[in-house]
2 protein chains.
Amino acid sequence: MKDAAAARPSAGLPAPTRREQILREAARLFAERGFHGVGVDEIGAAVGISGPGLYRHFAGKDAMLAELLVGISGRLFTGGRRRVAEAAEAGAPPREVLYALIDGHIDFALDDRALITLHDRELGQLRDSDRKLVRSLQRQYVELWVEVVRELHPRALEVEARAAVHAVFGLLNSTPHLGRPGALPGREAMAALLRRLALGALDALGPSPLLED
Amino acid sequence: MKDAAAARPSAGLPAPTRREQILREAARLFAERGFHGVGVDEIGAAVGISGPGLYRHFAGKDAMLAELLVGISGRLFTGGRRRVAEAAEAGAPPREVLYALIDGHIDFALDDRALITLHDRELGQLRDSDRKLVRSLQRQYVELWVEVVRELHPRALEVEARAAVHAVFGLLNSTPHLGRPGALPGREAMAALLRRLALGALDALGPSPLLED
DNA sequence: GGCATCTGTTAACGCTCATTAACCGAGCGC
DNA sequence: GCGCTCGGTTAATGAGCGTTAACAGATGCC
């Protein structure tokens, strides 16, 4: 079985492929109960087929997870790179580039909560080669942020900037931990809040501590 | 450091019990490869006994995870409550109470990275009753923070304060995601950095956005 | 009309793995 | 010395689950 249509051409049609259906449901289930916690029969049932029928679309359960994780980290990176490039081309100052990165990440965090969760929960379940790939994409994405942060805070050590970027990812990725919707502000309010918090954290990177008492 | 002289029957000696050995190694392994990803034989091997010998100390694999998660969320909560009480008794202003909570959480995040990881990764694997207990402890801990944050930012909506607290937890708990040590600042530098970032984020809760562009 | 491909189905296989059974030496109270 | 509990051991059990086999109904090409 070869990849018949692995690269879906940008036809732009809203028709959700069976493959895509499966990926979406698998992401949801994996995020809810963990990769090992959900059986192939459940995934099948979630899209109306049952059990081994999935093997007509994927080489195995691992392959689904791999595609999800490579997909999310790839989109995060390319999306971030695009935003940085566009901002740079428009001659935007570093601070605006940072805004662009933050807003882009917030969109991911709010729209793809399941994937954000999987992204750092199930990395260990991947085959070595896939894990290397995902790690590489993650590293490149972090690097985008670190460069911008270092422009804004030239006095900060690189290792501090990197740790701060990771910390801000933790902050932005916190939404999945909030209980059922209703406990959290509406999408726009939440986005605005996360934006303020992230900026507040990163602004605190610069000035030397001024330790209180 | 705190002596974890948890009330164990007929113990009381500073010697590390077999039970405690097992819990520590299990925590490390669970954090590394996930609850389902590590077998009972591996846990046994990590403490020098093999396989089913663990059942002389625990009712089962689930029981180990339950004890770990209940333990960490319990210690987080009681530690936080103690700090708040002490600060209040000393007549400290809300801002200082917040400092105490932040520093306490940072100690946990830096000293018990494995447990912090498990804490929100494997909650779903618990039996219903244990999960309820852990959730309750978590909720009470969050409430400690929310109260203090609301004193500092009376104008913020409660739902915003709660979301901000979750976000700051994400920020503070980000250290496990940093690669091997060496890539991150030393323990004291890291603590100071996290402290500044968390304060920066929470300070940004207050003022109305003043949205740039 | 025939046949190949695509997408399903159900049944069977095989492996992993938590748990239990059965057994055993070492202390130790008496 | 006797017997009881503790903390181990290895072998067996049994369930769950990913995967593969074998088969079948459309669909469409020639």
Side-chain angles (χ1 to χ4, degrees), chain A residues 1-8 13 15-30 32-69 118 122 124-128 130, chain B residues 8-13 15-30 32-69 118 122 124-128 130-131:
Chain A
M1 52 195 69
K2 308 298 181 278
D3 45 336
R8 60 236 147 167
L13 281 190
T17 302
R18 186 34 64 99
R19 241 185 108 82
E20 293 165 335
Q21 262 185 74
I22 295 172
L23 283 177
R24 196 172 22 187
E25 293 304 307
R28 185 178 55 80
L29 291 168
F30 290 162
E32 270 174 21
R33 300 208 286 282
F35 179 67
H36 291 293
V38 38
V40 289
D41 288 357
E42 285 178 275
I43 303 173
V47 298
I49 73 182
S50 246
L54 296 171
Y55 286 74
R56 298 293 172 201
H57 304 275
F58 292 93
K61 202 179 149 193
D62 302 357
M64 298 178 209
L65 182 65
E67 191 157 327
L68 287 170
L69 294 195
L118 291 184
E122 311 285 4
Q125 315 298 337
L126 260 47
R127 282 174 26 229
D128 250 38
D130 289 321
Chain B
R8 282 279 145 264
S10 71
L13 283 189
T17 303
R18 186 35 63 99
R19 241 186 108 83
E20 294 166 334
Q21 266 185 72
I22 295 172
L23 283 177
R24 195 171 21 178
E25 294 303 308
R28 185 177 55 80
L29 290 168
F30 290 162
E32 271 174 20
R33 300 208 285 283
F35 179 67
H36 290 294
V38 36
V40 116
D41 289 356
E42 285 178 275
I43 303 174
V47 298
I49 74 183
S50 247
L54 296 170
Y55 286 74
R56 298 292 171 203
H57 304 274
F58 293 92
K61 203 179 147 193
D62 303 357
M64 299 178 209
L65 183 66
E67 192 157 327
L68 286 171
L69 294 195
L118 290 184
E122 312 284 3
Q125 314 299 334
L126 260 47
R127 281 174 27 230
D128 250 38
D130 290 320
R131 190 169 52 246

*Asks:* Could you tell me whether V47(A) contacts a base, only the sugar-phosphate backbone, or nothing, with contacts defined as non-hydrogen atoms closer than 4.0 Å?
*Replies:* nothing
*Asks:* Check the distance between dA18(C)'s P and R127(B)'s CZ and give it to me in whole angstrom.
*Replies:* 18 Å
*Asks:* Starting at atom CZ of F30(B), determine the distance to atom P of dA18(C), rounded to an integer number of angstrom.
*Replies:* 9 Å
*Asks:* Applying ring-ring contact (aromatic ring centres under 6.0 Å, His included), which residue pairs with at least one partner in residues 34-62 of chain B are found, sequence neighbours left out?
*Replies:* F30(B)-F35(B)
*Asks:* Work out which heavy atom in A46(A) is nearest to a heavy atom in L29(A); give both atom names and the distance.
*Replies:* CB-CD1, 4.2 Å
*Asks:* Would you indicate what G53(A) reaches in the nucleic acid, counting non-hydrogen atoms under 4.0 angstrom: base, sugar-phosphate, or nothing?
*Replies:* base
*Asks:* Under the salt bridge (Lys or Arg N to Asp or Glu O under 4.0 Å) rule, collect the residues that match up with E67(A), sequence neighbours excluded.
*Replies:* R19(A)
*Asks:* Can you pull out every salt bridge (Lys or Arg N to Asp or Glu O under 4.0 Å) where at least one residue sits in residues 21-30 of chain A? Sequence neighbours excluded, please.
*Replies:* E25(A)-R28(A), R28(A)-E32(A)
*Asks:* Under 4.0 Å from any heavy atom of chain A: name the first and the last nucleotide of DNA chain D that qualifies, 5' to 3'.
*Replies:* dG18(D) to dC23(D)
*Asks:* Might you list the N or O atoms of the protein lying below 3.5 Å from N or O atoms in nucleotides 19-23 of chain C, with each pair's distance?
*Replies:*
| unit_1 | atom_1 | unit_2 | atom_2 | d |
| --- | --- | --- | --- | --- |
| dT19(C) | OP2 | Y55(B) | OH | 2.4 |
| dT19(C) | OP2 | K61(B) | N | 2.9 |
| dT19(C) | O5' | Y55(B) | OH | 3.1 |

*Asks:* According to salt bridge (Lys or Arg N to Asp or Glu O under 4.0 Å), who are the partners of R127(A), at least two apart in sequence or on a separate chain?
*Replies:* D130(A)
*Asks:* In whole Å, what is the span from the CZ atom of R19(A) to the P atom of dG8(C)?
*Replies:* 13 Å
*Asks:* What pairs with R131(B) under salt bridge (Lys or Arg N to Asp or Glu O under 4.0 Å), at least two apart in sequence or on another chain?
*Replies:* D128(B)
*Asks:* Only counting residues at least two apart or in another chain, list the ones meeting side chain to side chain contact (heavy atoms under 4.5 Å, CB included) with L54(A).
*Replies:* I22(A), V40(A), I43(A), I49(A), M64(A)
*Asks:* May I ask you to evaluate whether H57(A) reaches the phosphate of dG8(C), defined as a side-chain N or O under 4.0 Å from OP1 or OP2?
*Replies:* yes
*Asks:* Report the residues that fulfil salt bridge (Lys or Arg N to Asp or Glu O under 4.0 Å) with E122(B), sequence neighbours left out, ordered by chain and then residue number.
*Replies:* none
